[in-house]
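In what follows, a structure is listed as structure tokens, so that the remarks can point back to it.
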There are 2 protein chains.
Amino acid sequence: MFNITTIYDIAKKTGFSKSTISRVTSGNGYVSSEKRQIILNAMQELNYTPNQVAKNLRNCKTQTIGFLSADYFPLMGEFINIFNSMAASYNYNTTVFFTKNAKNEQKILESLANHLLDAAFILTRINEWDLINSYTQFAPIATWQRVKNTNIYSNYVDHYPIYFKILEKLYNKGFERVGHVFSLERNENTKARIQAIKDFSLQHQASDHSYQLFYGQQSHAGQDVAQKWLAQKNRPTAMIFYSDYVAAQFISALRLNQVKVPEDCFVIGSDDSEIARLMNIPTVDFCFRSQAKNGFIYLYNQLNQKNLPFVPQVPKFIYQKI
Amino acid sequence: MFNITTIYDIAKKTGFSKSTISRVTSGNGYVSSEKRQIILNAMQELNYTPNQVAKNLRNCKTQTIGFLSADYFPLMGEFINIFNSMAASYNYNTTVFFTKNAKNEQKILESLANHLLDAAFILTRINEWDLINSYTQFAPIATWQRVKNTNIYSNYVDHYPIYFKILEKLYNKGFERVGHVFSLERNENTKARIQAIKDFSLQHQASDHSYQLFYGQQSHAGQDVAQKWLAQKNRPTAMIFYSDYVAAQFISALRLNQVKVPEDCFVIGSDDSEIARLMNIPTVDFCFRSQAKNGFIYLYNQLNQKNLPFVPQVPKFIYQKI
DNA sequence: TTGAAAGCGCTAACAC
DNA sequence: GTGTTAGCGCTTTCAA
């Protein structure tokens, strides 16, 4: 159905050998500028581009990195943007996968053994890290999540100190009942946040942090929180979320119910994402942009035995107005 | 550095030929269930998965579709989500490219000739359609944009009738000065919108639609519009945008300047995106979700000589409150 | 039902 | 500088 001209056609047309053609297309080896020109012309004329798949097979690499996420959420788009642009500037492509379920995630990880993917970046995962870790025998894997005791590269940011500071800040502003919406409890930074609350509560008996919810996925999480919050007798006057998006859903749902934000409920998100900016939600920059870059840098270094330096990650409050 | 076991290893271990191994992995051809079992066990034991790149070379296809966008904007994430999930369910991978500039876009389109990509979907483009069209000689290309006189599949929605209706609605509600923020003028649906304004103005001399702005990219477009709007003596009391995101930027910027939305300026977006929902912005569903699906369906049908039916596309007002 | 052999398009020793 | 050759890992005739 579609066009196919190969290195062999160019060889035949110009009378040179395939190797010589290969030398000019790949740039490795010597070719007299005179013959090079003839070959270039022939390529032009026959509209030839080298078959990249054949190159990949020959070179045992595809210059392609898998970008895995369990499902879609808005920050993912922003993350892909950074990661992909970084990768592109080093000549790597990014194939995006929504893993959806444990079995499918494993199937996709197999692509590391398949030689289809040179490496993988994991945004959100489904299987246990140990299982995922077993694929590092085939290719390097990186994530932005906090993971320990594996060969998976993780340039995480510890949420504990900042979370503790937020609690202090809220306390000093007079918020006594503070609600918390977390990601899954199995995540290390969820544990860190809970630990911060525990430690803080010991010092400040008056403050109540018992209102806690956990969510495995972001879609409609905020709406669910809103329903629960509205049904509550003794409503928390401040709520801290593990994601700007979920915070935004929450705010949106509250406003539809004539609840005023931030007056009736002060909301803090996480991630410093576009939504937080647009809706003017106080948030915390946990440096996902640097994390995306560093994730790629690690993979690149592994793949090419290089030592590109990592970019710094300094988390920051984006307390738009507190 | 990393593991490699090939079909040859399995052949050697089991004593069968490569062809027989191939028959069990690919599922084509006959193998006695007895021998099949032995081979399966050996594969298991040696942790073997067929090299997908070799398969791709042999089969002259990669089951991979390129998803091209000039740059990132929030709707893109939602679009990828739909497109990618659709593709995955038919066993196609999606590689995302930010084309960034004309030259790079062309380089990426070359991948269709390279055999790296089986097909391409174009979200936003840089080069002229004619240039892009020339790549349909290598592989099928689809887009959601309105494009004519090419081999590029386009399941666009005509903005004219809905835009006209919006103008009527605004007019009936008493809005006399209405501002318009468009995408680039070269786009067919920008032309359609302008035509709708022209035709409407002929019938309604009183209404003023002279306030018009054009943007090639979304990042900071809304902030720019806001600056201009604020500087305006005779401010439009309603503004219609070509994108929810740009509308959201505009609203956000106005609110930072103590302008009330929708009281001081009634804003309408386009796309029925997540942001419109979260910020409660009136918008128009131009069916990007169906467009994403239909785009894939076209490519799939082309690639596999199939006839999967397209899904319906019925644009709808999402006038949250007018 | 299985194996031998050719070949997908390209690259890299190696020889000249 | 350039050509010959072997081979990357897989599939698919063809023959047995």
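Here is the naming used below: chain letters follow the sequence lines, and residue numbers restart at 1 for every chain.
In this structure a side-chain-to-backbone donor-acceptor pair under 3.5 Å is missing from T99(B) to N101(B). In terms of modelled atom types and a separation under 3.5 Å, the side chain of Q313(B) and the main chain of V157(B) share no donor-acceptor contact.
The side chain of K35(B) places no N or O atom within less than 4.0 Å of a non-bridging phosphate oxygen (OP1 or OP2) of dT1(C). For T20(A), no side-chain nitrogen or oxygen approaches OP1 or OP2 of dG1(D) to under 4.0 Å.
Comment: K148(B) engages E188(B) in a salt bridge, judged by a side-chain N to carboxylate O separation of less than 4.0 angstrom.
Under the side-chain hydrogen bond (donor to acceptor under 3.5 Å, both in side chains) criterion, N81(B) pairs with no residue at all, not counting sequence neighbours.
Within the nucleic acid shown, V53(A) has no heavy atom closer than 4.0 Å to any nucleic acid atom.
Summarising the geometry, the separation between CD1 on I38(B) and P on dT1(C) is reported as 15 Å, rounded to the nearest angstrom. Rounding to whole angstrom units, OH of residue Y30(B) and P of dG3(C) are separated by 17 Å.
Residue pairs meeting the side-chain hydrogen bond (donor to acceptor under 3.5 Å, both in side chains) criterion with at least one partner in residues 15-25 of chain A, sequence neighbours excluded, are S17(A)-S19(A), S17(A)-T20(A).
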query = Reading nucleotides 8-16 of chain D from the 5' end, what letters show protein touch, with B for base, S for backbone sugar-phosphate only, - for no heavy atom under 4.0 Å?
reply = BBBBBB---

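The environment of F310(A) atom CZ is dense: over 12 non-hydrogen atoms of other residues, nucleotides or ligands sit within 6.0 angstrom.
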